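FYI, the numbering just counts along the sequence from 1. No experiment lies behind these values; they were computed from the predicted model shown.
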Amino acid sequence: MVVQGLTVDENAMTDTAADLPTDGGPRDRAPERRCIATGQSGSPDGMIRFVVAPGGEVVADMDGRLPGRGAWVTARADLLEQAIRRKAFPRAFKAPVKAGEDLIGTVERLLTARCLEYLGLGRRAGAVVAGYEKVRAWLDAGTVGAVSLASDAGDVAVSRMGALKGVPVVALLTRDEMGRALGRENAVNVAIAEGLLAKRFLAEAGRLAGFRDAPYPVDRVSAGLRENG
């Protein structure tokens with residue numbers, strides 16, 4: 001697996017090095033991590049872990065599984081920018097590390113790709129449908145775990161999905177992005193079947209929401225996360 005220039009042997013992924021006080025290792029070992037931008041602790045599900053590449057550049061560890069020291073930042077573009085501007089990474093790693101000029105953009109693209117990968121995986125597994133009529137049928141059957149509405153959807157589509165009750169609606173991905181993930185020209189309404197895939201999509205969309213604004217007043221990702229526990 002290649003992660004931003006780091007070639008990683010997944011079988012060798014261990015947390016052998018002593019982590020910084022802000023990072024106790026892989027995200028499943030401890031319930032909370034401390035954000036180096038705010039100093040506040042919270043669930044790693046709402047944060048992004050960063051490690052240092054061999055060349056001394058700070059790179060994102062999106063799965064929180066890469067070995068060695070790590071530093072965590074709350075998944076928001078403004079807080080990542082703050083961490084870079086206030087030189088929080090060199091302090092956290094106790095070394096003259098550097099953040100790439102496009103680190104914020106890189107993280108946004110990686111989060112987008114992960115959301116789209118979940119949609120593509122769901123399509124191949126029969127756990128995702130696109131198109132209003134199909135989405136409506138799944139909603140009527142009560143089998144929907146999340147709805148992804150195109151962020152550039154028209155007013156009618158927004159009105160239809162914005163009126164949904166009890167189903168989290170995410171409006172972060174464009175119709176072209178979702179279309180590419182689903183092997184079609186575009187997609188405005190997409191439903192994900194309830195279950196683990198929907199929960200993982202919502203969790204990743206929750207992090208992406210810190211880097212993209214949802215332009216319509218539909219339920220935000222956070223609402224979906226609360227409903228899904």
### Message
Please report the interatomic distance CG(L111) to CG(L116), rounded to the nearest 0.5 Å.
### Response
11.0 Å

#### Entry: Side chains of T112 and L208 in contact at under 4.5 Å (non-hydrogen atoms)
yes

## Note on the structure
So the side-chain hydrogen bond (donor to acceptor under 3.5 Å, both in side chains) pairs with at least one residue in residues 80-89 (sequence neighbours excluded) are E81-R85

### Query
If we only count heavy atoms from C-beta on, is the F89 to F50 side-chain gap below 4.5 Å?
yes

### Query
About how many Å separate CD1 of I104 and CZ of R76, when rounded to the nearest 0.5 Å?
12.0 Å

## Note on the structure
Closest non-hydrogen atoms of F211 and E108, given as atom of the first, atom of the second and distance, are CB-CG, 3.8 Å

### Task
Please list, chain by chain and in numerical order, all residues satisfying salt bridge (Lys or Arg N to Asp or Glu O under 4.0 Å) with R114, sequence neighbours excluded.
D63, E204

### Query
Would you call D45 and R33 a salt bridge, taking side-chain N to carboxylate O under 4.0 Å as the test?
no

### salt bridge (charged side-chain N to carboxylate O under 4.0 Å, His left out) assessment of R65 paired with D61
CA-CA 7 Å; R65 299 170 58 195; D61 171 17; over 6 Å; no

### Summary
For V135 and V129, the nearest pair of non-hydrogen atoms, with its separation, is CG2-O, 4.0 Å

### Query
Would you say I36 and F93 make side-chain contact, with heavy atoms under 4.5 Å?
no

### Task
Measure the CE-CG distance between M47 and L80 for me, rounded to the nearest 0.5 Å.
13.0 Å

### Query
Which heavy-atom pair separates A83 from A37 by the least distance, and what is that distance?
CB-CB, 4.1 Å

### Query
Within the distance-only criterion (no hydrogens, no angle test), does the side chain of R34 pair as donor or acceptor with the backbone N or O of G39 below 3.5 angstrom?
no

Please set out all donor-acceptor pairs under 3.5 angstrom arising from side-chain atoms of residues 179-196, sequence neighbours excluded.
unit_1: R184; atom_1: NE; unit_2: N186; atom_2: O; d: 3.0

### Message
Could you tell me if the side chain of K98 sits less than 4.5 Å from the side chain of V58, heavy atoms only?
### Response
no

### Task
Can you measure from CZ (R49) to CH2 (W72) and round to the nearest 0.5 angstrom?
6.0 Å

### Message
Looking at every non-hydrogen atom in both residues, tell me the closest pair between G70 and V51 and how far apart they are.
### Response
CA-CG1, 4.4 Å

#### Entry: Side chain to side chain, P44 and E32, heavy atoms closer than 4.5 Å
no

### Query
Do L173 and C115 touch side chain to side chain, with heavy atoms closer than 4.5 Å?
yes

### Query
Does some side-chain heavy atom of E57 sit less than 4.5 Å from a side-chain heavy atom of V97?
no

### Task
Any chance you could measure L110, atom CG, to L103, atom CG, to the nearest 0.5 Å?
9.5 Å

### Query
Which atom pair, heavy atoms only, marks the closest approach of I48 to R207?
CG1-NH1, 3.8 Å

#### Entry: Heavy-atom side-chain contact between Y118 and R200 under 4.5 Å
yes

### Task
Heavy atoms only: give me the nearest M178-S148 pair and the separation to one decimal.
SD-OG, 3.1 Å

### Query
Thinking salt bridges, do E117 and R123 make one under a 4.0 Å N-O criterion?
no

